[in-house]
Amino acid sequence: MIEQILTKHALDAVSRLFNTQVEPSLLAVQRTIPAFRNQGDFSLVVFPLLKISRKSPEETAAVLGQAIMESMEEAESFGVVKGYLNIRIKSLYWNHFLASQVRNGNFGLKHEKEGRPVVVEYSSPNTNKPLHLGHVRNNLLGYSVSQLLNASGRNVIKVNLVNDRGIHICKSMLAWKLFGQGETPESSGKKGDKLVGDYYVLFDRKFKEELAGLMARGLSEEQATAESVMMKQAREMLLKWEARDEETLELWNKMNAWVYKGFDATYKRLGVDFDRIYYESQTYLLGKKIVEEGLQKGILFRKDDGSVWIDLTENGLDEKLLLRSDGTSVYMTQDLGTAQLRADDFNPGQLIYVVGNEQNYHFDVLKLVLQKLGRPWADSIYHLSYGMVELPEGKMKSREGTVVDADDLMDEMIATARAMTEELGKIEDFNSTEAEALYSMVGLGALKYFILKVDPKKNMTFNPRESIDFNGNTGPFIQYTHARIRSILRKAGEEIQFTGPVSLHPKEADLLIMLYQFPQVVGQAAGDLSPSVVANYLFEVAREYNQFYHELTILKEEDLNTRTLRLALSQLSATVIRNGMSLLGIDVPEKM
RNA sequence: GGCCCUGUAGUUCAAUGGAUAGAACGGAAGUUUCCUAAACUUUAAAUAUAGGUUCGAUUCCUAUCGGGGCUACCA
C-alpha cells in the first residue's frame with residue numbers, strides 16, 4: 001500500500017538526514033485534507049521530529065520532502081504548509097492500480113482464509129415473543145460483523161443460542177393453556193411467534209390484575225407475587241418441564257415449533273443465517289462440571305446454604321453466584337458450559353458474543369471466571385457490546401407492548417420504498433416480481449443502513465413517527481448510485497479494457513484514491529468489529545461518485561483514453577459499492 | 001452508594017492526539033433542451049462546564065453537570 005511505502009521512505013529519510021531512528025508511529029501518513037489537495041495526496045506531520053531535526057517545522061518538512069523525492073519513485077512532488085508535508089503521488093501509480101483491479105469483481109474481499117476460526121454468537125432470541133427492533137440491531141450487527149471477518153480472511157462460524165426454556169417460556173404456555181381455547185397459527189391466521197407473544201402479554205396482564213386484587217387486600221407487592229396463583233402455576237409448569245412431564249413437553253414443543261416457523265420467516269426476510277443453532281434446553285445443564293472443577297481448585301467457594309460463588313472483589317467486581325443453593329444452574333453456569341462447548345467444537349481463535357451492553361457485567365465475569373480456571377482461550381472471548389435502541393419515550397418493553405415489531409417495521413419500510421418508486425416512475429419495464437424484489441431491496445437497504453451506520457457501542461434513538469429517510473446519508477442513496485453506474489455501464493455495452501496511463505482530473509483522482517482505500521477500510525472495520533466504518537465510507541464513495549458524475553461526462557467524452565478511464569472508474573466504484581454493501585447485508589439493484 | 005458506557009449544528013450521525021470539526025435531514029436560495037433530480041450546487045447553524053497533560057485535545061486524565069445501563073439464588 002502506498003501509505004506504507006511512504007512511511008518507509010519517510011523513516012529512511014529521517015535516519016539519513018538526522019542520523020536517528022524514530023518509531024513508525026511518529027510518522028503516521030494521513031490523507032491530505034481537501035483544502036490542501038492542490039499540494040498533495042498524503043500528508044506527514046513533522047512536529048514530532050522537531051526535537052531531532054532542530055529546525056523549524058517548515059524547514060524540517062522541506063528537507064524531509066526533498067529526501068523523500070530522491071528515494072521514492074512513486075512520489076511526484078511535495079508541498080509544505082506549516083508543519084505538514086504534503087506528498088503528491090504520481091498519477092501513473094493510480095493508473096496502474098485501476099488497470100489491475102478494474103476487472104476484479106472481488107476487489108476488497110479476501111477469499112483465502114487463514115488462522116483459527118472465529119465463532120460469532122448473535123441473535124439469541126427468547127421463544128416467548130416475536131423479534132423487535134432491538135433484535136434487529138443485534139441480528140444486523142452479528143451478520144455484518146461475520147461478513148467483515150470473512151472478508152478479511154477469517155473462517156467464521158455463526159452461531160445462535162436460542163433461549164427456549166425457563167419461567168418466561170412457561171408463562172406464555174400457561175396463558176395459552178388457560179385462555180387459548182386451542183388457538184393455533186392456522187386457526188387464527190397469526191404468525192406463530194406473534195401468537196405466542198400475545199399469550200406472554202396476556203399472562204402479564206392477568207398476573208397484574210391478580211396482583212392488584214391481592215394488594216387491595218393489604219398484601220405487599222412481594223407477598224402478592226408469592227401468593228399469585230398465576231405465578232405459582234407458571235413455576236409449577238417449569239418444575240414439570242424439568243421433570244420431563246409428557247404433557248408439558250408436548251405443549252412446549254408445539255408452541256416452540258410455532259415460534260421457530262415465525263422466526264425463520266423473519267430471519268429469512270432480514271437476510272441473516274447461522275451455521276449452528278444451540279438450544280438452551282440442551283445446554284442449560286452444562287457448566288456444572290466446570291463449577292465443580294473450580295471448587296476443587298479453590299477458585300470458587302461454597303456458602304453455608306450450599307450455593308457456589310466466586311469472589312471478584314480484587315478485580316473490582318462483586319461476588320457472583322454460579323450455582324443456586326438447590327444445585328440448579330443460573331445463566332452464568334450455562335454460559336461457562338457453552339463457552340467450553342464451543343472451544344471444544346471449533347478450537348476458535350476468537351469467541352465473539354454480540355449481546356447488548358446491559359450484559360457488560362455478565363461478560364466481564366464470564367471471562368474472568370474462565371481466566372481464573374486457566375482456560376487459555378478465555379482471553380479470546382470478546383463481548384461485542386452494542387447500545388440499546390430506544391424510542392423517544394425511552395426503552396422498549398415487550399410486556400407492555402411498547403415495542404417496534406421487526407416484521408411490521410420491515411413491512412413499513414418496503415411499503416415506503418414502493419410508494420416512492422411508484423411516484424418516481426422509473427421502472428415501468430419491470431414485471432411485478434422484479435418490482436417486488438426492488439421494493440424489498442430498497443426498503444430493507446434503508447433499514448439496515450440506518451442501523452448499521454451508527455457506531456455499535458452507542459445507544460440510538462428510533463422515532464417510529466418519523467420514517468427512516470431514503471435521501472441523503474442512507475442506504476437507498478448508495479443503492480441509487482450503484483444503479484446509476486450500472487446504467488452507464490450497460491449503455492457503454494463493452495468490456496472495459498483500461499490500460500492507461502491517463503492524467504487525472506482532481507475529481508477522478510479523489511474518487512480513485514478513495515476506491516484504493518477500500519481494502520484498508522474493510523480491514524479496519526473487521527479489526528474494530530464495526531460495520532459503521534464501512535457504511536460511512538460507502539456513503540463517501542457514493543457522494544464522491546455523484547460529484548464526479550455530475551461534473552464530468554463519461555459516455556460522451558471524446559478522448560477515448562479518458563472515456564475508458566471514466567468507465568473503468570465507474571466500474572470499480574460499482575464493485576466497491578456492491579462488495580461493501582454486501583458486507584452490511586444489503587443488496588444493490590441494477591436499476592431503480 | 002459502587003461500577004461501566006455516553007454528552008458534537010434544531011435533529012440523526014462522522015472525525016488512529018494533528019491543518020480551517022465533516023456529512024445528512026430539516027431551514028433559506030439555486031441547477032433538468034445534459035450519461036437516472038432517490039442527484040448536484042450555494043448558504044446559516046455545534047465540540048455540556050471547569051481544570052490538567054501535550055508543540056497540538058472533540059479525542060487522553062481529573063472534577064462538576066446531564067442521559068443510559070449494571071449492581072437478582074432473572075435471563
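Keep in mind the model is a prediction, meaning the values are calculated, not measured. Per chain, numbering begins at 1; letters A, B, ... match sequence-line order.
Sequence neighbours left out, not one pair with a member in residues 329-338 of chain A passes salt bridge (charged side-chain N to carboxylate O under 4.0 Å, His left out). Residue pairs meeting the salt bridge (charged side-chain N to carboxylate O under 4.0 Å, His left out) criterion with at least one member in residues 41-62 of chain A, sequence neighbours excluded: A:Asp41-A:Arg88.
Of the candidates B:U16, B:A19, B:U71, the closest approach to any side-chain atom of A:Val81 belongs to B:A19. Here the nucleotide nearest the side chain of A:Pro48, chosen from B:U20, B:G18, B:C35, is B:G18. Nearest nucleotide to the A:Ala483 side chain, out of B:G68, B:C13, B:U36: B:U36. Each of B:U36, B:A19, B:C55 was ranked by its minimum atom distance to the side chain of A:Ile488; first place goes to B:U36. Closest approach to the A:Ser43 side chain among B:A19, B:C35, B:U6 is made by B:A19 (side chain taken as heavy atoms from C-beta onward).
Between A:Phe36 and B:A19, a base-stacking contact is recorded: ring centres under 5.5 Å apart, planes less than 30° from parallel. Here A:Phe477 does not lie in a stacked arrangement on the base of B:A39, lacking the combination of planes under 30° and ring centres under 5.5 Å apart.
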Task: Worked check of ring pair (Phe, Tyr, Trp, His ring centres under 6.0 Å) between A:Tyr353 and A:Phe363 - done: CA-CA 9 Å; A:Tyr353 293 83; A:Phe363 282 98; 5.0 Å; yes
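When the side-chain nitrogen and oxygen atoms of A:Arg31 are compared with OP1 and OP2 of B:U16, none of them lie within a distance under 4.0 Å. Distances shorter than 4.0 Å separate none of the side-chain N or O atoms of A:Lys82 from OP1 or OP2 on B:C55. The phosphate of B:A75 (OP1 or OP2) has no side-chain N or O of A:Gln359 nearer than 4.0 angstrom. OP1 or OP2 of B:A37 sits under 4.0 Å from a side-chain N or O of A:Arg484. Between A:Lys491 and B:U36 there is a side-chain N or O to OP1 or OP2 distance below 4.0 Å. The shortest distance between the side-chain N/O atoms of A:Ser487 and the OP1/OP2 oxygens of B:U36 is below 4.0 Å.
Base orientation of B:U32: syn, the glycosidic angle falling within 90° of 0.
In this structure, A:Ile577 and A:Ile485 have side chains that are in contact, with non-hydrogen atoms separated by less than 4.5 Å.
Under 4.0 Å is where a charged nitrogen must lie from a carboxylate oxygen, and between A:Lys591 and A:Glu434 no such pair does.
Stem regions annotated for RNA chain B: B:1-7 with B:65-71, B:10-13 with B:22-25, B:27-31 with B:39-43, B:48-52 with B:60-64, counting only runs of 3 or more consecutive pairs of Watson-Crick or G-U type with both contacts under 3.5 Å.
For A:Glu544, the side-chain contact (heavy atoms from CB on, under 4.5 Å) partners at least two apart in sequence or on another chain are A:Lys507, A:Asp510, A:Leu511, A:Met514, A:Gln547.
Using a 4.0 Å cutoff on non-hydrogen atoms, no part of residues 524-535 of chain A comes near RNA chain B.
Checking A:Ser570 against A:Tyr545 by side-chain atom types alone, a donor-acceptor pair falls below 3.5 Å.
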Open item on the list: Walk along nucleotides 23-32 of chain B from 5' to 3' and tag each nucleotide B, S or - by protein heavy-atom contact under 4.0 Å, base first, then sugar-phosphate.
Closed with: SSS-------
